[in-house]
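To keep things clear, I will list the structure first and then write my remarks on it.
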Amino acid sequence: MHEHTPPAGKADANANANANANADAGIRDIGIPHAGTPGTGATETGTADAAGQPLAGGQAAATEEPGFGGKPSAGVHRTGKGPRGSRRGATRLPGGKGRAASIAGVAAGVLILAGAGAVVTAGSLVAEPASSRTVPAAKAAVPAGASVGVCPGPARLLEGTDAGTDAQFRPESATAATRVSAAVLSAGGVLPGSRLAHLDGTAPVEIAKDPGPAPTAAAPQELLAGVVADRTVDQVNVVGANAVANQNASAAGAMKYTATDGDLQGSAAATCGQPSNDQWLAGASTTVGRTSVLALTNASSTPATVSLELFGGRGQIQAPGSRGLLVAPGTTRSVVLAGLAPNESQLSVHVRSAGGPVAASIQQSFLRGLTPGGVDYISPGTAPGVRQVMTGVDLQDPAGLASLTAQPGYRDAGPALELTVPGASDAVVEIKLYGRDGQHALPSGGVITAKAGSTTEVSLAGVPAGQYTVAASSDVSFLAAARMTRGLQAGQPSDVAWAASAVRLGSQHVVPVPKGGQRQLVFGVLDSRATITYSPITADGKVRAAATADIAGGTTASISIPDQAGGADVVGYVVSASGDAAYGSVLVGQEGRNDVSSLAFLAAAAGQETVPVSLGY
């Protein structure tokens with residue numbers, strides 16, 4: 001922190017030159033002149049003026065000596081006879097007095113330097129200057145970018161593939177159909193430019209044209225919507241919406257797959273996921289008859305390198321081929337999880353990408369002998385935390401489930417909660433179920449220990465039939481998801497769905513709703529009352545009048561979604577919540593069939609985002 005001061009007794013000509021450098025580095029800053037060096041304009045016998053002219057005493061003016069790089073060195077003067085002169089930093093006097101004066105000047109310089117060293121040393125005892133203290137990172141505004149949602153492609157059966165290679169598919173059943181619906185909200189009375197297109201950008205469907213310049217403050221504030229309703233698709237699609245007035249667009253999409261024949265009969269729905277560099281998925285299975293295929297989609301223009309962390313019932317799985325998976329821009333890479341973690345009845349996947357963000361989902365299907373056991377898309381839930389909430393968990397009659405799960409091959413046909421603890425400490429987890437009429441006790445007691453670094457399944461058998469919100473809490477971070485099934489007869493087609501952990505509801509969530517079948521908005525409130533406001537979005541681009549639901553704490557409420565509102569098809573909702581923490585999902589079924597699907601709400605669009613910025617090296 002401090003420059004070295006030459007010791008007394010070594011202040012010869014070379015030491016004097018070194019002292020000049022030290023003066024520039026630290027001593028002159030505290031106002032102490034360097035002996036024999038006219039860095040402050042002083043010489044032994046006189047002072048030169050600013051122009052370098054001789055002053056009183058008739059002394060010759062000092063001249064500047066070139067420094068490093070040929071530039072004059074500040075405060076260094078060259079005097080003496082001949083072209084070389086003296087480098088002692090003092091003007092030589094005539095006659096025999098020159099040597100005595102020079103020695104006196106050097107001695108005085110030693111004393112002054114010693115004093116300067118004392119002052120500098122004393123300075124180390126005081127507090128550090130403010131510039132060296134740690135200060136909080138300042139936050140800088142990030143320009144809003146386009147909102148992107150990646151809709152998974154249709155469910156397809158696997159063809160034979162080698163373990164660890166990308167999945168190959170064969171055509172699905174003749175009755176299979178996949179459709180996408182999407183909605184985008186206006187900002188300041190203006191709809192953002194938005195579209196639905198294939199992953200490679202082809203076959204675009206315009207939702208709203210680009211409005212051009214940002215709206216003024218006097219623009220109308222009426223809430224409008226742009227929609228794509230029930231559009232048939234045959235591959236991965238992307239919903240994109242541009243920012244308006246440096247605000248992220250409120251947009252969301254959902255896809256729905258249905259089939260009434262074949263091994264993949266049932267229904268499966270998924271929200272069009274937002275790409276991320278870090279996400280968690282829970283609920284996969286790789287035992288006999290269960291197929292789980294992880295789809296990694298890169299909708300950006302930057303290559304993504306993906307690494308997977310796998311957690312099973314016996315601990316974390318170190319799988320060759322799970323790291324460094326390259327996903328090129330505008331492509332989807334499918335990974336058969338049985339090739340990485342075979343014979344795992346409960347499996348969670350942590351997806352991390354470097355470079356471009358990816359959208360991740362797991363297509364899962366069940367085959368119980370020759371009987372189709374359901375199909376579903378597992379979507380990412382919230383990151384591990386000390387509290388996880390799943391809502392819209394629809395449970396069947398407990399007696400019928402007990403009879404079914406006792407049959408060979410049907411053990412996993414019952415409802416369950418899956419807990420994953422990625423850390424090094426076990427988690428003692430308290431589980432609470434909130435139904436329509438309040439809290440219900442879990443037959444197992446509601447407090448379990450989930451092992452560190454592994455996945456634990458908790459049965460929800462014995463809970464009365466109905467719709468529930470499941471809340472789990474611990475002092476250790478964990479991941480959670482809830483499984484629900486539909487169908488109580490062995491040998492008959494059934495279906496399965498996973499409810500991922502949900503985000504707390506805020507303001508203006510865009511909730512797309514797939515067309516057809518039985519559809520419900522399900523809300524759960526944990527502690528005290530919450531007020532939910534929901535406004536239908538119709539296919540004609542209108543946001544209809546809002547309705548309000550006041551929901552008591554510790555309960556779950558469901559609202560049936562009508563086919564139409566104001567004479568137009570309902571394709572979504574704008575949902576806001578106030579009061580205590582509330583959570584929501586969309587529950588989808590089919591009349592007369594054992595189909596079931598669950599759609600978690602996406603987080604509301606953020607305003608102008610900020611990120612912490614630290615300066616350093």
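- Separating the OG1 atom in Thr405 from the CZ atom in Arg411 is a distance of 9.5 Å, to the nearest 0.5 Å.
- A donor-acceptor pair under 3.5 Å links the side-chain atoms of Tyr377 to the main chain of Ala155, judged by distance alone.
- For the residue pair Asn298/Ser300, the side-chain donor-acceptor check at 3.5 Å is satisfied.
- Between the side chains of Gln518 and Glu591, at least one donor N or O lies within less than 3.5 Å of an accepting N or O.
- Within 6.0 Å of atom CZ in Arg231, 12 or fewer heavy atoms from other residues, nucleotides or ligands are found, so the atom counts as exposed in its surroundings.
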Contacts table for residues 573-580: side-chain donor-acceptor under 3.5 angstrom, sequence neighbours left out:
residue, atom, partner, partner atom, Å
Ser576, OG, Gln508, N, 2.9
Asp580, OD2, Asp527, N, 2.9
Asp580, OD2, Ser528, N, 3.0

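- Of the N and O atoms on the side chains of Ser558 and Gln467, at least one donor lies less than 3.5 Å from an acceptor on the other residue.
- Here the CG atom belonging to Leu281 is positioned 7.0 Å from the CD1 atom belonging to Ile378, to the nearest 0.5 angstrom.
- Residues Thr556 and Tyr434 form a side-chain contact, since some pair of their non-hydrogen atoms from C-beta on lies under 4.5 Å apart.
- Judged by distance alone, the side chain of Ser454 and the main-chain N or O of Lys451 form a donor-acceptor pair under 3.5 Å.
- Summarising the geometry of Ser597 relative to Ala269, their closest heavy-atom pair is OG-N, 3.5 Å, with the distance given to 0.1 Å.
- For the pair Arg519 (side chain) and Pro562 (backbone), a donor-acceptor distance under 3.5 Å is present.
- Residue Leu587 comes nearest to Gly392 through the heavy atom pair CD1-O, 3.5 Å, listed as atom of the first residue, atom of the second, then distance.
- Remark: side-chain polar atoms of Gln396 are paired, donor with acceptor, to backbone N or O of Thr485 under 3.5 angstrom.
- Partners of His440 under the ring pair (Phe, Tyr, Trp, His ring centres under 6.0 Å) rule, at least two apart in sequence or in another chain, are Tyr468.
- Listed by chain and number, the residues in a salt bridge (Lys or Arg N to Asp or Glu O under 4.0 Å) with Asp230 are Arg179 (sequence neighbours excluded).
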Inset, instruction - Decide yes or no on side-chain contact (heavy atoms from CB on, under 4.5 Å) for Phe601 and Leu521, but give the supporting numbers first. - result: CA-CA 10 Å; Phe601 288 10; Leu521 293 173; 4.2 Å; yes

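- In this structure a side-chain-to-backbone donor-acceptor pair under 3.5 Å is missing from Lys256 to Ser181.
- Heavy atoms from other residues, nucleotides or ligands lying under 6.0 Å from CD of Gln489 number 12 at most.
- Rounding to the nearest 0.5 angstrom, the gap separating the CD1 atom in Ile431 from the CD1 atom in Ile448 is 5.0 Å.
- For the disulfide (SG to SG under 2.5 Å) condition, the pairs that include at least one residue of residues 256-291, sequence neighbours left out, are Cys151-Cys272.
- With 3.5 Å as the limit, one finds no donor-acceptor pair spanning the side chains of Asn343 and Thr287.
- Among the candidates Asp376, Val233, Thr178, the single residue satisfying the side chain to side chain contact (heavy atoms under 4.5 Å, CB included) test with Tyr257 is Thr178.
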Which side-chain N or O atoms in residues 308-316 pair as donor and acceptor under 3.5 Å with protein atoms at least two apart or in another chain?
residue, atom, partner, partner atom, Å
Glu309, OE1, His350, ND1, 2.7
Arg314, NH2, Glu344, OE2, 3.2

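- Put simply, OG on Ser379 and CD on Gln279 are 10.0 Å apart, with the number rounded to the nearest 0.5 Å.
- In this structure, Ser585 contributes its side chain and Thr391 its backbone to a donor-acceptor pair below 3.5 Å.
- Here the straight-line distance linking atom CH2 of Trp280 with atom CG of Asp278 works out to 7.5 Å at 0.5 Å rounding.
- Salt bridge annotation for Asp550-Arg529: present, with a cationic side-chain nitrogen under 4.0 angstrom from a carboxylate oxygen.
- For the atom pair CG of Leu367 and CG of Leu157, the computed distance is 9.0 Å after rounding to the nearest 0.5 Å.
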Can you give me every donor-acceptor pair (side chain of residues 493-506, partner residue at least two apart or in another chain, under 3.5 Å) with its distance?
residue, atom, partner, partner atom, Å
Asp495, OD1, Val375, N, 3.2
Asp495, OD2, Ser267, N, 3.2
Asp495, OD2, Val596, N, 3.0
Trp498, NE1, Gly283, O, 3.4
Trp498, NE1, Gln364, OE1, 3.2
Ser501, OG, Thr382, N, 2.9
Ser501, OG, Thr382, OG1, 2.8
Ser501, OG, Gln388, OE1, 3.4

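- Remark: Arg368 engages Asp412 in a salt bridge, criterion side-chain N to carboxylate O under 4.0 Å.
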Legend entry - side-chain contact (heavy atoms from CB on, under 4.5 Å) assessment of Arg593 paired with Arg486: CA-CA 9 Å; Arg593 294 186 55 83; Arg486 187 68 80 247; over 6 Å; no

